[in-house]
Amino acid sequence: MERLLVTGGAGFIGSNFVHHLMEHTDLRVTVLDKLTYAASKESLEGLPEDRVQLVVGDIAEAEVVDPLVAEHDAVVHYAAESHNDNSLHDPSPFIKTNILGTFTILEAVRKHEKRLHHVSTDEVYGDLELDDPKRFTEDTPYNPSSPYSASKAGSDHLVRAWVRSFGVQATVSNCSNNYGPWQHIEKFIPRQITNVIDGIRPKLYGSGENVRDWIHADDHSSAVLTILEKGRIGETYLIGADGEKNNLEVVQLILTLMGQPADAFDHVTDRAGHDLRYAIESGKLRQELGWSPQFQDFESGLADTIEWYQAHEDWWRPHKDAVEATYAEKGQ
Ligand code: NAD
Ligand code: TDX
């Protein structure tokens, strides 16, 4: 494998993966990204120009995707509409990008007989009770709740069907909630960090008892590369780092790390259909492929992330007012 096509490589996790490839492989990379509101070209700055190129285009357009897939050895597919709250406001781009876009990629890798890794989410499994002793595994039935997670579930089903019906050489991964640098400030952790920087009280949906299973984006990247290199074709691997925390704990930790009283937050209108708990059992990936996460300490990873947002105000500042105005309209 010499040339990799990375869709969505100008987004939060895709750009992290491109940096990871530069450090840990000799691969040359083409990023295919539509540069939606969620993308940032800055996240790709400083990478070697002879190894990384950016093509601006839509994964749902076959005339863009087909020739690019033809000239690469494999595709790692991150591009998606990714924010649950946006999917509740307008599901249509989620259907177009996440389902039709994945279909377009699949048709191209089928035609040109190329390896595909499809990046998905644990949200396809629905949610767990707080006291459920079981966590999600590769055998958990699909049960998505939101337009976002249903569109990702749809994309996973397409990949599985193309493997079985057409012999496409694909793997799938379903990862838990990522945190780290370059995450859009519409998302929970960066929203609260930038709120505190701005003297705005963090906004907790509902009671804050909802649990997310946090993993650093660097660990997600190392897991995807491991699956690309060693994963068995046709298999699904769950990616997680045993990082369960409820939202209340996370907000209190952010406030404390930023020198504020732990109760200086507001409860706001809950998300419609809000999933209660996600939790990943990643034993298959660890035992079969020998992967393990490097960020075991959420508090220190979060402290680093806070420092990163403090140091990169020029990156997020232009978007802050509009993001908060959109939330304010919904009472959030
Ligand atoms: P993001 O929203 O930060 O980035 C998505 C990228 O895809 C952006 O650069 C955007 O411009 C691009 N894109 C969107 N529509 C496109 C289109 N039609 N054609 C080409 N490019 C397009 O998302 P993220 O958080 O980095 O998530 C990346 C992937 O990882 C998604 O597939 C998501 O479902 C999955 N995932 C995310 C998380 C998480 O916690 N953020 C967890 C598990 C899985
Ligand atoms: O202001 C907020 N207050 C709040 O309490 C926001 C933005 C969110 N929340 C809650 C909702 C969730 O319980 O925090 C939790 C995390 O919210 P998000 O950052 O929106 O993430 P989530 O909905 O869990 O989905 C994320 O993880 C799985 C990614 O956005 C998805 O792309 C990924 O598939």
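Read the numbers this way: they start at 1 and go in the same order the structure lists the ligands and their atoms. Residue indices begin at 1 and follow the sequence shown.
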Visitor: Test of understanding: given a 4.0 Å heavy-atom threshold, classify the contact between Gln192 and ligand 2 as side chain, backbone, both, or neither.
Guide: side chain

Visitor: Walk me through it: do His118 and Ser155 pass the test side chain to side chain donor-acceptor pair (under 3.5 Å)?
Guide: CA-CA 9 Å; His118 174 65; Ser155 70; 3.1 Å; yes

Visitor: Any nitrogen or oxygen of Tyr327, side chain or backbone, less than 3.5 Å from one on ligand 2?
Guide: no

Visitor: What is the closest protein heavy atom to atom 23 (O) of ligand 2, and at what distance does it sit?
Guide: Arg271 NH1, 2.6 Å

Visitor: Pick out which of Leu238, Thr102, Asn174, Thr236 makes a side chain to side chain contact (heavy atoms under 4.5 Å, CB included) with Ser120.
Guide: Asn174

Visitor: I want to know if ligand 2 touches Asp275 in the polar sense, i.e. an N/O pair below 3.5 angstrom.
Guide: no

Visitor: Decide if the gap between the ring center of Trp308 and the ring center of Trp316 is smaller than 6.0 angstrom.
Guide: no

Visitor: Starting from atom 26 (C) of ligand 2, find the nearest protein heavy-atom neighbour and note its residue, name and distance.
Guide: Asn177 ND2, 3.4 Å

Visitor: Would you mind telling me if ligand 2 is within reach of the side chain of Glu186, the backbone, both or neither, using heavy atoms under 4.0 Å?
Guide: backbone

Visitor: Which of the numbered atoms in ligand 2 are below 4.0 angstrom from a heavy atom of His83?
Guide: 20 (O)

Visitor: Does any N/O atom on Trp214 come nearer than 3.5 Å to any N/O atom on ligand 2?
Guide: no

Visitor: Charged N to carboxylate O under 4.0 angstrom, Glu81 versus Lys96?
Guide: no

Visitor: How far does CD1 of Ile254 sit from CD1 of Ile193, to the nearest 0.5 angstrom?
Guide: 5.0 Å

Visitor: Measuring from atom CE of Met22 to atom CG of Leu44, what distance do you get when rounded to the nearest 0.5 angstrom?
Guide: 10.0 Å

Visitor: Salt bridge or not for Glu249 and Lys245, using N-O below 4.0 Å?
Guide: no

Visitor: What residues, two or more places apart in sequence or in another chain, satisfy ring-ring contact (aromatic ring centres under 6.0 Å, His included) together with His83?
Guide: none

Visitor: Among protein heavy atoms, which sits nearest to atom 3 (N) of ligand 2, and what does the distance come to when rounded to 0.1 Å?
Guide: Lys203 O, 2.8 Å

Visitor: In the protein, which heavy atom is nearest to atom 5 (O) of ligand 2, and how far is it?
Guide: Tyr205 N, 2.8 Å

Visitor: I'd like to check which ligand 2 atoms, numbered from 1 as shown, lie under 4.0 Å from a non-hydrogen atom of Tyr148.
Guide: 31 (C), 32 (O), 33 (C), 34 (O)

Visitor: Does any N or O of ligand 2 fall below 3.5 Å from an N or O anywhere on Glu123, backbone included?
Guide: yes

Visitor: Under 3.5 Å, N or O to N or O, is Asp122 touching ligand 2 that way?
Guide: no

Visitor: Go through Tyr142 and His157 one step at a time and tell me if the ring-ring contact (aromatic ring centres under 6.0 Å, His included) criterion holds.
Guide: CA-CA 10 Å; Tyr142 275 52; His157 287 312; 4.7 Å; yes

Visitor: When you compare the side chain of Val163 with that of Gln169, does any pair of heavy atoms fall below 4.5 Å?
Guide: no

Visitor: Would you call Glu324 and Arg191 a salt bridge, taking side-chain N to carboxylate O under 4.0 Å as the test?
Guide: yes

Visitor: Do His184 and Tyr37 make the cut of ring centroids closer than 6.0 angstrom?
Guide: yes

Visitor: Examine Tyr278 together with Tyr125 and report whether their ring centres are nearer than 6.0 Å.
Guide: no

Visitor: Any nitrogen or oxygen of Arg191 lying under 3.5 Å from a nitrogen or oxygen in ligand 2? Just yes or no.
Guide: yes

Visitor: Just which atoms of ligand 2 are under 4.0 Å from any heavy atom in Thr121?
Guide: 28 (C), 33 (C), 34 (O)

Visitor: Could you tell me whether Asn84 and ligand 2 have an N or O pair separated by under 3.5 Å?
Guide: yes

Visitor: Report yes if some N/O of Phe188 lies less than 3.5 Å from some N/O of ligand 2; otherwise report no.
Guide: yes

Visitor: Should His274 be listed as contacting ligand 2, given a heavy-atom distance under 4.0 Å as the test?
Guide: yes

Visitor: For atom 10 (C) of ligand 2, what's the nearest protein heavy atom and its distance?
Guide: Asn247 ND2, 3.4 Å

Visitor: Are more than 12 heavy atoms, taken from residues, nucleotides or ligands other than Lys330, located less than 6.0 Å from that residue's NZ atom?
Guide: yes

Visitor: Could Arg271 and Tyr205 be counted as a cation-pi pair, given that NZ or CZ must be under 6.0 Å from the ring centre and within 45° of the axis?
Guide: no

Visitor: I'd like the residue list for ligand 1, meaning every protein residue with a non-hydrogen atom under 4.0 Å from the ligand.
Guide: Gly8, Ala10, Gly11, Phe12, Ile13, Asp33, Lys34, Leu35, Thr36, Ala38, Ala39, Gly57, Asp58, Ile59, Tyr78, Ala79, Ala80, Ser82, Thr97, Val119, Ser120, Thr121, Tyr148, Lys152, Cys175, Ser176, Asn177, Asn178

Visitor: Between Arg201 and Phe265, is NZ or CZ placed under 6.0 angstrom from the six-membered ring centre and within 45° of the ring axis?
Guide: no

Visitor: Give the residue, atom name and distance (to 0.1 Å) of the protein heavy atom nearest atom 32 (O) of ligand 2.
Guide: Ser82 O, 2.8 Å

